[in-house]
Amino acid sequence: MSEHSKSHIHILPLKTYLSVGAALLVLTAVTVGVSFIPLGGFNVVVALSIASVKALLVALFFMHLLYDKKIFMIIFAVAILFLALFITFTMFDTMRRGDIDVMQAAPIEKDAVIYKERGSDSTAVPSGIIPDSVTTAPEGH
Amino acid sequence: MSENIALARNYLNTPRGLKSWLLTLDHKRIGVLYLIAIMASFFLGGVFALLIRWELLNPGRDIMGPDTYNQVFTLHGAIMIFLFIIPSIPAALGNFVLPQMLGAKDVAFPRLNLASWYIYLFGALFAVYSMFSSAVDTGWTFYTPYSTETTTSVISMTMGAFILGFSSIFTGLNFIVTIHKLRAPGMTWRQLPLFVWALYATAIIQVLATPVLGITLLLLVLERVFGIGIFDPAMGGDPVLYQHFFWFYSHPAVYIMILPGMGIISELIAVFAHRKIFGYNAIAFSSLAIAFISFLVWGHHMFVSGQSPLAAMIFSFLTFLVGIPSGIKVFNWLATLYKGSISFATPMLYALSFLFLFTIGGLTGIFLGALATDVHLHDTYFVVAHFHYVMMGGTVMAFLGGIHYWWPKIWGRMYSEFWAKIAAVLVFIGFNVTFFTQFILGTKGMPRRYYNYLDQYQPLHAFSSIGSWILGLGFVVMLVYLLHSIYRGRPAGSNPWGALTLEWTNSSPPPPENFDEAPVLTHGPYDYDKVLVEEGSPARA
Amino acid sequence: MTHGKEHPAYLAHHFSEVEQQQESAKLGMWIFLLTEVLLFGGLFCFYTIYRAWNPDMFYNAHKFLNVELGALNTVVLISSSVTMALAIRSMQLNDRKKTIWFLVITLACAAIFLVVKYFEYSHKFHLGQLPGKFYTFTGVQGNNPHIFFSVYFTMTGLHGIHVLAGMVAISWVLYRTVKNNFSAQYYTPIEMTGLYWHLVDLIWIFLFPLLYLIG
Amino acid sequence: MDSTGTLFMPPGRSTIAGEVDTLFYFIFYTSVVFFAIVVFGITFFSIRYRRQRKAGLTSGLAHNTKLEILWSVIPTILVVIVFFWGFKVFIKMHVPPKDAIEIKVTGQKWFWTFVYPNGSNSLNELVVPVGKPVKLLMSSRDVIHSFFVPDFRIKMDVLPNRYTVTWFEATDPGIYNLFCTEYCGKGHSEMLGKVKVLPEREYQAWLESGSGGGEGKTPEEFGAELYVSKACVTCHSVDGTLLVGPSFKGIFGHVTQLEDGEAMVDENYLRESILNPQAKIVAGFEPVMPTYQGVLNDRQLDALIAYIKSLKE
Ligand code: HEA
Ligand code: HEA
Ligand code: CUA
Ligand SMILES: [Cu+2]
C-alpha cells in the first residue's frame, strides 16, 4: 500500500493490446493448421504448448499479471500447481492398476449397459448368482 | 440485556430490531448468527448420534430398522461435517474475533460475509429437506455406485453440500483478503496472533479444495440424472475415481476442521499459562506445512479400494509427513506450559483435554496411515474412534474452549465457572468412555456402518452407548448455564483473562465499529513475560 | 476516516484508503479465479483420465466436433477479450464513450459465442450425440463413446454457464458506466469483470484444442 | 498368538497375521511412549507451574534449537521406519504365491458366492484347505462390497465391473467370520459369511461332493441347512419379520398378492420363484431377488421347497 505512484494506474499502450490480440489469433490459426498434420503423440504436445503460450499471453497482458503485484502471479501459479498435482496423483492410480496383476487394470465389461441393451432386442435377462464374467477371463491392457 | 451493560453502546444493542440483525454487515453479528446456526446443527447432529448409540446398545433391532439406521448415521455424519464442524470455528468464532485481532473495523467484504451466512442457511435448507423427504442413506461419503442407484434423496443432500461449499469458499476468501489487507498499521506477519495464522492456513485450504468438492458433487448429480458415465461402472465409469475426487476435498477438509482448533489452542495455552508462546514461528509455519501436505495424502482413505499399489505407497508416505508438523505443535504447546503460571479456568480445561485427546486421535492416525495395518483397520470402528478423537476430541474441544474463552467478549457476561467445570468433566469422561472402547471394537474386527452385529461385540457397544449418555448430559448442562449467563451472568469487564491480543482492548461486548481509531500496537500478542500475572486470577473466580 | 482526508462515496467505511480497497477487491477476485480454475480442474481431470484410458475412442469421437465452428468461437472469444481490455483502458483514460462501445462489442461477441454453441449443440442433439445414457449415436468406433460426449457437454456446458454469468456482469458494469458511476479514479468493478472475462477466455483456449483438435 | 488374541487384536490365523500384529504393536508402543510424554508433561507442568497467589513474571523462553530439532527428527525417523515396514507387508499381502488355489468371489446385495477351481460353488461359506495359499479373484454384481476376515487380517474392496485380488494362507482349521466392510445398503450388516478352514483331505472330499451335501438328512432338515447356506436367510425370515423379501412363515398354501394379480403358493410357484424370481413380483417388494438357476440342483430345490412347506403358522 506504500508505493502510491506505482500501483495506481498502469496504462498500457493501445499497440500492446492489439499486438497481443493479433498474436492470439495467429496462434489459433497455427494450432488449427498443425492439427491436420498427423504427428502422432506430438499433436497433443504441440496443441497444449500453443494453448499454454496463448494462456500466458492473456494472463500476462490482458490480466495485467506482468505489471501487477507479484502476489497475483503467485495465486495464479498456485492454482495451476494444485490442478497439476490433482491430476498427476490421480493418475498414479488410474494408470498403474495392473502393476501386480494385469487383470486388475481393465474393466471386465468394456462397454456400458446402454450398448448391450441396444445390441440385442430381448428384454433384460434376470441376473443370476454366478456372473458370466467369472468364467470369461478379461483381456488385460 | 439489563443494568449497566445495556447502557453502553455495543454491537448487540446498536441498532436494535430483528431486521437490523438479518441485514447486518457487522462481522460480529454475522459471527453470532453463525454461532446460533452452528450450535443448532450440533445439537441436531448430536441427537442423531444418541439415536445411533441407542440402536447399537444391543444387536438387532432396538428402536429402528436398518433403513432408518442407515439414514440416521448418514444424517449424523453429513450434518456434523458440512453443517457443523467445517463452518464452526472459522465462520462463528473466526468471524467474531478475526477483524478485532487485526485491529480492523470489519472483514474485507462485509456483504459477501452476510451472503455466505445466507448461502449457509440455503444449503442447510436442502439438507433438512432431504431429511424429511426420503432421507439419504449413502453415508456422508456418497460413494458411487451406491449413491447413483439408491432411491433416497441423494440429490437434495448433495446439492445442499454443494451450496454449503460456496459458503465455505466465501468465508475463506474473505479471511485471506482481510488478513492481507486490513491489519492494523504496523502489524507485521510475525505479530499476528496464532489463531489468525491458523485461520489463514485454513482459508487457503478452503479456497483450494472446496471447488473440487463442488464439481464432484455436480458430476455425481449429473451421473444420477444423465448417467454421464464418469463414476458409475454400469455406464462405463470408475467408482474409484469418485473416491479420488471426493477425498481430494475431504481429506484437506479434515484440516479445515482441525487447524482453526489448533489456532484456538495456541491462544488458550498462552493466555492461561500466562506465558510467551514457545516456538511462535514453528507453530505458524507448521500450519502452512500441514495445509500444503494435506493436499497430497487423500489416497490414504483408499488403501483397500483397489487403487494401484504405487499410489498407495506414495499416499502412505506423505500421510506420515503430516504427523511431523502436528507433533511440532503438540510439543511447542507442552513447552509453553513450562515455567508458566497455569490457571485452570474452563477454557484451559478444554485446551488440556484437547492436548490429551488429539494426541490419541493423531497417533491412531499413524496406525491408519501405515499400509499393512490399515488393511485390517479400514472401515472398522477403529476408524470411527480415530476420527471422533480428532474431530470431537480435537476440534470440538477447541471449539468449546474458544466458546468459553470468548463468551464474555461476545455477550459481555460470565457464565458460572462451577457448572462449566462440571460440564467439562462430564464431557471429558463421557467422551472417553464412548470412543475409547471403539478402538478395541475396531481392532477386534467390528465393521462400521453396521446396523446389527455379532453378540461377541455387545459388551463394548453397550459400554460405548452408556458413555454417550454421560456426554449428552454434559452438553445439556452446558446449554443451560450458557443460555442462563446471557441474561443473568455477571458483567465480564473488557479483559477477564488478562489476555494481550487486540480484541481484549475493546469493551465487552465490543462497540459496533470495533475501534474508533486504528489501534497502535504497544506489544506483541504473546508478550506475557513482560506483564505481571494478575492477582485475582480467573482460576478462583 | 482516520486520515481526515475527504473520502469518496465509493470508499467503504472499514477501509482507510481507496488504494487499500482496490487492492483488496483485486486480491479477492484473483482468489475467486483460483477457485474457478480448480472447479474446472475436476473436469480436466475427468478428461485426462478417460482420454488416457481410451485414446482411440477419444480420437474417433472428436472428429464429430465441428472444427470450423470451434475455431470461429475461439476467434470471437479472443476478440471479446481484446475489447474487454480496451474497455478498461478507455476508462483509465477517462473516455467513457469508448468504454461503453467496447463493452457493447464484448457483450455482442459473448452473444455470438452462445449462438454458435447453440447451433453446435442442437446439431448434436439431433444426431443423438448426447451425454450419458441418452446417447444413441452409432457412428463412433471404440468403447463407450458416450463418455466423450459427456466430457464435451460438461466442459462446454459449464463454460457456457460462465459465459452467461460473464454477460450478466458485463451488462451490469455497462449499465453503471452509462449511469456515469465510474471514472479514471474508480473503475474497480469493470476491472474485476474484465479479469473474470479473461479467465473465461483462458479456459476456452484450452478447451478448444483438447476437444476439437486432438480429441 | 494365543487363541483369544491380544487386547487389541483378534487371534491371528493366517501367515500374514503375525507380521501385521508385530507392526501394529510397534506403532502401539511407540505411540504409548509419545502419549506418555505428553500426559506426563501436562500433569507435571500443571502441578509444578500452577498459578500461585503471588504475582510474578513468567519465563520468556521461546526457543531451544536442540529440543526443536529433537522433536522433529525423532518422529521423522520413526514414521519412515513405519512407512517402509508397512509397505513391505502390504506388498506381501498383495502378491499371491504362484501355486495358490484360485477361487472366484462374487459379492452382491447381500451375500457372497464362491466358485472353486473344479466348478463347484458355495454361498456365504468359503471352504479352504489349511496351510495352502488361496488367491481370491473378486468382483461385484452391483455396488462396492468389501471382503474382510479379521482373523486373517485381510481386507479388499470388491468392485463392480473390475477384478480385485487378495490372498491368504490359513494356519489353523476352524470357522472364521467374514464381514462385508464397504457400506452397501440395507443388508450391509447382514452380509456375513464364514470361512471354513479344513484339513487338506476333508477339503478335497468336500470339493468332490460337489458342495451338495445333505446325505442322510430328511428333505426338511437339508432344506433348513440350505436356507442358511444359500443365503435365503439374508432376505427371508422364517418368523414373520419382513426383511428385503417376504417371510417364508406360513406362505405355503396361501394366496400371495402380486404386483399384478395374485398367485397360489404351491410347489410350482415356489420353484418358479426361486429359478425365475422376476416372473412374479410380490406386491410391496422390489425385484431384487437373484435367480438360483444353475446354483441349486433338483435335490436341493426339492429340499428347500419341503422346508418352506414345513413352515406353518
Ligand atoms: C479433524 C479431523 C482429522 C484429523 C486432524 C485427522 C488427522 C489424521 N488422520 Fe484422519 N480421519 C478423519 C479426520 C481427521 N484425521 C476422518 C473424518 C476420517 C474418516 C472419514 C470416513 O471414512 O468417514 C479419517 C480417516 C483417516 C484415515 C483413513 C482410514 C481408513 O478409512 O482406512 C487415515 C489413514 O491414513 C487417517 C490418518 C490421519 C493422520 C495420519 C492424521 C494426522 O494429521 C495426525 C497427526 C497427529 C499426530 C501424529 C499426533 C501428535 C504428534 C505427536 C505427539 C508426535 C509424535 C508423532 C509421531 C511419532 C508420528 N485418517
Ligand atoms: C464433528 C463431527 C462429529 C461429532 C462431533 C460426532 C459426535 C458423535 N458421534 Fe459421530 N460421526 C461423524 C462425525 C461426528 N460425530 C461422522 C462423519 C461419522 C461417519 C458417518 C458415516 O459413516 O457416514 C460418524 C459416525 C458415528 C458413529 C458410527 C456409526 C456407524 O458407523 O454405524 C457413531 C457410533 O457410535 C457415532 C457416535 C457419535 C457420538 C456418540 C457423538 C457424540 O460426541 C455427540 C455428542 C453430542 C450430543 C450428545 C448432543 C447433545 C444434545 C442433547 C443431549 C439433546 C438436547 C437437545 C435439545 C436441547 C434439542 N458417530
Ligand atoms: Cu456388502 Cu456391505
Ligand atoms: Cu484423511
Side-chain angles (χ1 to χ4, degrees), chain A residues 1 4 7-14 16-18 20-22 24-25 27-29 31-32 34-36 43-44 46-48 50-52 54-55 58-59 61-64 68-69 71-72 75-76 78-80 82-84 86-87 90-91 94-95 106-107 110-115 118 141, chain C residues 17 19-20 22-23 26-27 30-31 33-38 40-42 44-45 48-49 52-53 67 70-71 74-75 78-79 81-86 88-89 92-93 132-136 138 143-144 146-147 184-185 191 194-195 197-199 201-203 205-206 208-210 212-214:
Chain A
M1 277 162 275
H4 246 260
S7 67
H8 215 71
I9 283 179
H10 206 286
I11 306 175
L12 296 185
L14 187 62
T16 311
Y17 288 122
L18 293 182
V20 170
L24 288 172
L25 293 178
L27 284 172
T28 307
T31 189
V32 172
V34 172
S35 77
F36 290 107
N43 274 31
V44 186
V46 173
L48 285 184
I50 295 180
S52 305
K54 285 163 75 182
V58 172
F61 294 98
F62 290 175
M63 298 169 99
H64 290 260
D68 259 332
K69 292 224 151 122
I71 175 110
F72 303 134
I75 293 176
F76 190 64
V78 163
I80 307 294
F82 276 81
L83 176 54
F86 177 31
I87 297 178
T90 309
M91 289 181 89
T94 58
M95 292 291 103
K110 293 239 181 284
D111 282 314
V113 284
I114 50 170
Y115 300 99
R118 228 162 276 160
H141 264 315
Chain C
E17 306 162 37
E19 187 100 22
Q20 187 191 23
Q22 272 174 0
E23 293 201 342
K26 222 181 207 173
L27 185 60
W30 269 102
I31 295 170
L33 296 186
L34 170 147
T35 68
E36 291 281 21
V37 170
L38 282 146
F40 275 95
F44 282 109
C45 189
T48 316
I49 280 163
W53 272 338
V67 181
T74 312
V75 172
I78 287 175
S79 314
S81 245
V82 177
T83 53
M84 188 74 227
L86 293 179
I88 296 170
R89 182 174 179 276
Q92 288 171 332
L93 297 170
K133 67 181 174 203
F134 300 111
Y135 181 81
T136 53
T138 48
N143 297 110
N144 292 332
H146 69 284
I147 289 185
Q185 277 70 49
E191 208 182 357
L195 282 177
W197 191 248
H198 295 312
L199 186 87
D201 182 25
L202 207 146
I203 286 169
I205 285 178
F206 281 98
F208 172 59
L210 286 178
Y212 290 79
L213 299 183
I214 53 179

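Residue numbers begin at 1 in each chain, while the letters A, B, ... track the order of the sequences.
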Task: Best-contacting candidate, C/Ile31, C/Leu202, C/Val75, against chain A by heavy atom pairs under 4.5 angstrom - done: C/Leu202
- [ ] Kindly determine whether A/Phe72 and A/His64 satisfy ring pair (Phe, Tyr, Trp, His ring centres under 6.0 Å), including the steps that lead there.
- [x] CA-CA 9 Å; A/Phe72 303 134; A/His64 290 260; over 10 Å; no
Task: Which portion of C/Ser81 sits near chain A, non-hydrogen atoms under 4.5 angstrom - done: both
Open item on the list: Under a 4.5 Å cutoff for heavy-atom pairs, which residue among C/Thr48, C/Asn144, C/Ile205 has the most contacts with chain A?
Closed with: C/Asn144
Open item on the list: side-chain contact (heavy atoms from CB on, under 4.5 Å), that's the test. Do C/Trp30 and A/Phe76 meet it? Break it down for me.
Closed with: CA-CA 8 Å; C/Trp30 269 102; A/Phe76 190 64; 3.6 Å; yes
- [ ] Give, for atom CD1 of A/Ile75 and atom CG of C/Leu33, the distance between the pair rounded to the nearest 0.5 Å.
- [x] 9.0 Å
Task: Candidate pair C/Phe40 and C/Phe206, rule side-chain contact (heavy atoms from CB on, under 4.5 Å), full reasoning - done: CA-CA 11 Å; C/Phe40 275 95; C/Phe206 281 98; over 6 Å; no
Task: Segment of C/Val67 engaging chain A (4.5 angstrom heavy-atom cut-off) - done: side chain
Task: Top contributor to chain C contacts, counting heavy-atom pairs under 4.5 Å, from A/Val46, A/Leu27, A/Val34, A/Val32 - done: A/Val32
- [ ] Please look at C/Leu27 and chain A and tell me whether the side chain, the backbone, both or neither of the residue comes under 4.5 angstrom of a heavy atom of that chain.
- [x] both
Open item on the list: Once rounded to the nearest 0.5 Å, what's the spacing between atom CE of C/Met84 and atom NE2 of C/His198?
Closed with: 6.5 Å
- [ ] Quick one: which of A/Ser52, A/Ala59, A/Ala84 has the most heavy-atom pairs under 4.5 Å with chain C, could you say?
- [x] A/Ser52
TODO: First locate atom CH2 of C/Trp197, then atom CE of A/Met63, and finally report the distance between them rounded to the nearest 0.5 Å.
DONE: 12.5 Å
TODO: Kindly compute the distance separating CD (C/Glu17) from CD (C/Glu23), expressed to the nearest 0.5 Å.
DONE: 9.5 Å
Task: Choice from A/Val58, A/Ile71, A/Leu14, A/Leu83 maximising heavy atom contacts with chain C below 4.5 Å - done: A/Leu14
- [ ] Using a cut-off of under 4.5 Å on heavy-atom pairs, state which of C/Leu199, C/Ile49, C/Leu38 scores highest against chain A.
- [x] C/Ile49
